[in-house]
2 protein chains.
Amino acid sequence: MAEITIKYLAEKLKLAPSTVSRALNDSHEISANTKKKVLDLAKELNFQPNPYARSLREQKSKTIGVIIPERINNFFSQVIDGMETVTKVHGYHLLVYNSNEDIEQEKNILTLLLGGRVDALVMSISGQNEKSKHLDILKNRTTPVVFFDRIPHDFPTTKLITNGYEAGYNGATHLIKKGCRKIIFLVLSKEISIGKERMRGYLDALKAHNIPFENSWIVVCGHSEAKNIDLLENLFYKLDRPDGVLASVEKLALATYRALAKTNIKMPDQVKMISFSNMKIADLLNPPLSTISQPAFEIGKECANLLMKKLTRKNQPDLEDKTIVLPSQISLRESTGK
Amino acid sequence: MAEITIKYLAEKLKLAPSTVSRALNDSHEISANTKKKVLDLAKELNFQPNPYARSLREQKSKTIGVIIPERINNFFSQVIDGMETVTKVHGYHLLVYNSNEDIEQEKNILTLLLGGRVDALVMSISGQNEKSKHLDILKNRTTPVVFFDRIPHDFPTTKLITNGYEAGYNGATHLIKKGCRKIIFLVLSKEISIGKERMRGYLDALKAHNIPFENSWIVVCGHSEAKNIDLLENLFYKLDRPDGVLASVEKLALATYRALAKTNIKMPDQVKMISFSNMKIADLLNPPLSTISQPAFEIGKECANLLMKKLTRKNQPDLEDKTIVLPSQISLRESTGK
DNA sequence: GTGAAAGCGCTAACAC
DNA sequence: GTGTTAGCGCTTTCAC
């Protein structure tokens, strides 16, 4: 770690450490002259105050913990980029952890972080279920938490999502308008909050358009790409195969492309698809994929802003128990028929 | 931050703080009985030692700083995932920063981190140039650094790359074998190390196959997607337009797809392309993209392993000044003609 | 406007 | 096997 300290600067300048500290922190009770001397020497020696000594003393770490269920995913990368743009101007740091969609790991990370390593948390919870019992350790704590995208519905804090219901409704409606009558809904887990909202929208769209729904249209997939492809392929071999697909996550749209490649079924002629996705190259797929995308960068910025406000100002109230809903954007491409 | 401390545990158990500390750290000089009592209470109260007090005392932070030029990129996400799998078993944390391909920002992050916030660094340097003068602040420091992918050639430490020369050679050779005679090489900046190696391979492949090279075949692109597309589109309108493209980074292959979409030129019939890329859905593009991919996860693991070895063992020698070369993998798809 | 001293929570050297 | 003490580098009373 660094070797040059405030004490050292103080000796060099024949000042007390406290004076140097105050000068560095631009305290008004220090003369302009002393300030300059201190700042000059600090710059010359490339002095950086020891962050851990400061953290210990001030009881705050100036770092935010981030837990995401998956790292190789544009959506989450964009969110984190958004967070970093705002945290860095406040001198805050980002400790990012991947829970790998695993509640156990999520819990471990949480325990680790609650030891005081971070001043606040941003989470998108693992998709196994949303019972979120493992989040109880957070509840007796004062550490502010913000959830986004994959949110627990019963945790009293601020949450950020996009309008899943509306987007699901619009996505399904678009398929219906394009002539689809057997529209399946692909979901990773029925338990997870975003899936649920999107599904509600889908179901209501069917109802509104008088399309009789069948339970088998809800296709619950898993985390194994190979198994999902198999599952989907078999679905398309059936006599009453679907003519429309609404994928609640990008991963499942990709699996659908791969499953279809194994059959003779053509998209968009025989089956149309639209998917929730933040991929930047939806236009380059074959055929180009119609998507519903989320303002990921904005979500990240907003999460960070909420926390920066709470952390950098005095006497801020606790984070409100509310859900902020941001609009998603629908982009129509050939996968739903041009 | 956390409120329950070693001192508190000590009072509860009528022991000295030092005894509690030793018990928690499983020191052999503590009786099994006391150990159990301490551990039990610690578990019951969910005690986590204050990481910053520990860092201050031990003069190490148990965290690694990571600086990448771009976050929304599968390659870097995979590398970080790889690092995390190994750091987490050693109790190390990852502080990740995005330099946005900007040397100034890279320098700022570096100065910040050198204040003692991290025990070691992993970097993939910004692509503006590889003069790496801004890395000089690192040179007088003892902080171990490992570079990967975008490496400075004149910095005495361990670097990890893939066999760019060979891959470039093989990529170009493949295009030649497929009948291409005017093969352009797309590069983000001529200065950057990986681009150079890949280009050397490309040039040698041309020479080995007696293809007369023209300077205009090296196409230096920028960071603006729109401008790159324009540049490429114009290239394809020329009379002696290229019939082969070797893209040294994924981004430029995507720009080529988009540029071609504006013309009547068909891939792979009239022009073939292969690109360095770690994208997982190369097979879903139209046409599927032949790729040369890097073992990103492995690279991340290896970087972390090198640092863990240096940091967790006593009297480890400094990181050797050498370059470890990992093999890349070539996957042929329709973009180069099946 | 500056200095002296205490203490954040932890570990380690030194008692005993 | 356990306790006492000092100190990591910083900020912040409290003096003057």
Side-chain angles (χ1 to χ4, degrees), chain A residues 1-39 41-42 45-63 91 112 114-119 142 314, chain B residues 1-39 41-42 45-63 91 112 114-119 142 314:
Chain A
M1 301 204 349
E3 57 297 312
I4 140 147
T5 69
I6 279 194
K7 203 172 148 196
Y8 177 82
L9 293 184
E11 278 167 15
K12 278 278 180 199
L13 294 168
K14 307 232 176 287
L15 286 170
S18 50
T19 309
V20 175
S21 169
R22 279 184 278 236
L24 290 169
N25 292 314
D26 201 27
S27 159
H28 50 269
E29 42 184 8
I30 299 293
S31 74
N33 189 23
T34 330
K35 245 180 219 175
K36 185 171 172 357
K37 279 199 310 198
V38 172
L39 258 23
L41 184 62
L45 298 180
N46 228 304
F47 168 76
Q48 289 287 120
N50 183 307
Y52 298 118
R54 188 177 261 177
S55 288
L56 179 58
R57 174 65 226 231
E58 300 199 313
Q59 297 292 75
K60 59 184 183 195
S61 63
K62 287 231 172 196
T63 107
L112 214 63
L114 256 17
R117 195 171 286 272
V118 299
D119 295 340
T142 54
K314 288 192 198 306
Chain B
M1 300 203 352
E3 56 299 310
I4 140 149
T5 69
I6 279 194
K7 201 171 150 198
Y8 177 81
L9 293 185
E11 278 168 17
K12 278 278 180 198
L13 294 168
K14 308 231 175 287
L15 286 171
S18 54
T19 308
V20 175
S21 169
R22 278 184 280 238
L24 290 169
N25 292 315
D26 201 26
S27 160
H28 51 268
E29 42 182 10
I30 299 293
S31 75
N33 188 22
T34 329
K35 245 181 218 175
K36 186 172 173 355
K37 278 199 309 197
V38 172
L39 258 22
L41 184 61
L45 299 179
N46 229 303
F47 168 76
Q48 289 287 122
N50 183 309
Y52 298 119
R54 189 178 260 177
S55 288
L56 179 58
R57 173 66 226 225
E58 300 199 314
Q59 296 293 73
K60 59 184 184 197
S61 64
K62 287 233 173 191
T63 106
L112 215 62
L114 256 18
R117 195 171 286 272
V118 299
D119 295 340
T142 54
K314 287 192 198 304

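Computed over heavy atoms, backbone and side chain alike; hydrogens, waters and symmetry mates excluded. Naming: A, B, ... by sequence-line order, numbering from 1 per chain.
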Inset, instruction - Send over the distance from B:D26 CG to D:dG1 P, rounded to a whole Å. - result: 13 Å
Inset, instruction - Determine whether A:L13 and A:V38 make a side-chain contact, defined as any pair of heavy atoms from C-beta on separated by less than 4.5 Å. - result: yes
Inset, instruction - Round to the nearest Å and state the distance from B:E29 atom CD to C:dA15 atom P. - result: 15 Å
Inset, instruction - Verify the contact: side-chain N or O of A:Q59 to OP1 or OP2 of C:dG9, cut-off strictly under 4.0 Å; return yes or no. - result: yes
Inset, instruction - Return each pair, listed once, that meets salt bridge (Lys or Arg N to Asp or Glu O under 4.0 Å) where at least one residue sits in residues 6-21 of chain A; pairs must be two or more places apart or across chains. - result: none
Legend entry - Heavy-atom side-chain proximity of A:F47 to A:I6 below 4.5 angstrom: yes
Inset, instruction - Calculate the interatomic distance between A:K62 atom NZ and D:dG9 atom P; express it in whole Å. - result: 21 Å
Inset, instruction - Work out which heavy atom in B:K62 is nearest to a heavy atom in B:D119; give both atom names and the distance. - result: N-OD2, 2.7 Å
Inset, instruction - Would you mind reading off the distance between A:E58 atom CD and C:dC8 atom C1', rounded to a whole angstrom? - result: 11 Å
Inset, instruction - Give the rounded distance in Å between these two atoms: CG of A:N50 and P of C:dC8. - result: 18 Å
Legend entry - Between D:dC8 (P) and B:R117 (CZ): distance, integer Å: 21 Å
Inset, instruction - To the nearest Å, give me how far apart CZ (B:R57) and P (C:dG9) are. - result: 16 Å
Inset, instruction - Consider the side chain of B:S31, meaning its heavy atoms from C-beta on, and name the nucleotide among C:dG9, D:dT2, D:dT11 that approaches it most closely. - result: D:dT2
Inset, instruction - For A:A10 and A:P17, work out which heavy atoms get closest and say how close. - result: CB-N, 3.6 Å
Inset, instruction - Considering non-hydrogen atoms only, spot the tightest contact between B:P49 and B:R54 and give its length. - result: CG-NH2, 3.7 Å
Inset, instruction - Check every atom of D:dG1, C:dG9, D:dC10 against the side chain of A:L56 and return the nucleotide holding the closest atom. - result: C:dG9
Inset, instruction - Examine D:dG1: is either OP1 or OP2 under 4.0 Å from a nitrogen or oxygen in the side chain of B:T34? Give yes or no. - result: no
Legend entry - Side-chain N,O (A:S55) to OP1/OP2 (C:dC8) below 4.0 Å: no
Inset, instruction - Name every residue in residues 7-22 of chain B that has at least one heavy atom under 4.0 Å from any atom of DNA chain D, in order of residue number, or write none if there are no such residues. - result: B:K14, B:L15, B:A16, B:S18, B:T19, B:R22
Inset, instruction - Return no unless some side-chain N or O of A:N25 is found under 4.0 Å from OP1 or OP2 of D:dT11. - result: yes
Inset, instruction - State which residues pass side-chain contact (heavy atoms from CB on, under 4.5 Å) with A:T63; sequence neighbours excluded, sorted by chain then number. - result: A:S61, A:H93, A:L95, A:V118, B:Y52, B:R117
Legend entry - Whole-Å distance separating the CD1 atom of B:I6 from the P atom of D:dT4: 16 Å
Inset, instruction - May I ask you to evaluate whether A:R54 reaches the phosphate of D:dT11, defined as a side-chain N or O under 4.0 Å from OP1 or OP2? - result: yes
